[in-house]
A.B. asks: 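Submitted below is the structure of interest, expressed as structure tokens.
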Amino acid sequence: MRPNKSIKRVSQFKIGEEIVLASVEGPYELQIGQTLQEATAAEIVIKDGVVVEIRNC
């Protein structure tokens with residue numbers, strides 16, 4: 001994506017709006033009785049490079 005196009009897209013975001021940047025695969029701690037759906041539906045919210053919330057949807 002070209003820089004001008006990226007700047008134009010970013011300027012359309014509203015303050016506080018959440019966007020999906022990527023999917024990440026990595027270690028995940030499972031618990032007995034947890035469903036596969038619960039394990040694969042987690043969302044990690046990052047603000048200014050810092051994890052601020054982990055959601056299990």
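Reckoned from all heavy atoms, side chains included, excluding hydrogens, waters and symmetry mates. Just so you know, these numbers come straight off a predicted model, no measurement behind them.
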A.B. asks: Give the minimum heavy-atom separation between E17 and Q12, together with the two atoms involved.
C.D. replies: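 Looking at all heavy atoms of both residues, the closest pair is OE1-O, 4.4 Å.
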A.B. asks: Can you list the other members of the hydrophobic cluster that holds V52, where links are side-chain heavy atoms under 4.5 angstrom apart?
C.D. replies: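 Grouped by the 4.5 Å side-chain rule, V45 form the rest of the cluster around V52.
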A.B. asks: Taking side chain to side chain donor-acceptor pair (under 3.5 Å) as the definition, give me every residue that meets it alongside E53, ordered by chain and number, with sequence neighbours left out.
C.D. replies: R55
A.B. asks: Linking directly or through intermediates, with side-chain heavy atoms under 4.5 Å: list the remaining ILVMFWY members grouped with I44, chain and number order.
C.D. replies: I46, V51, I54
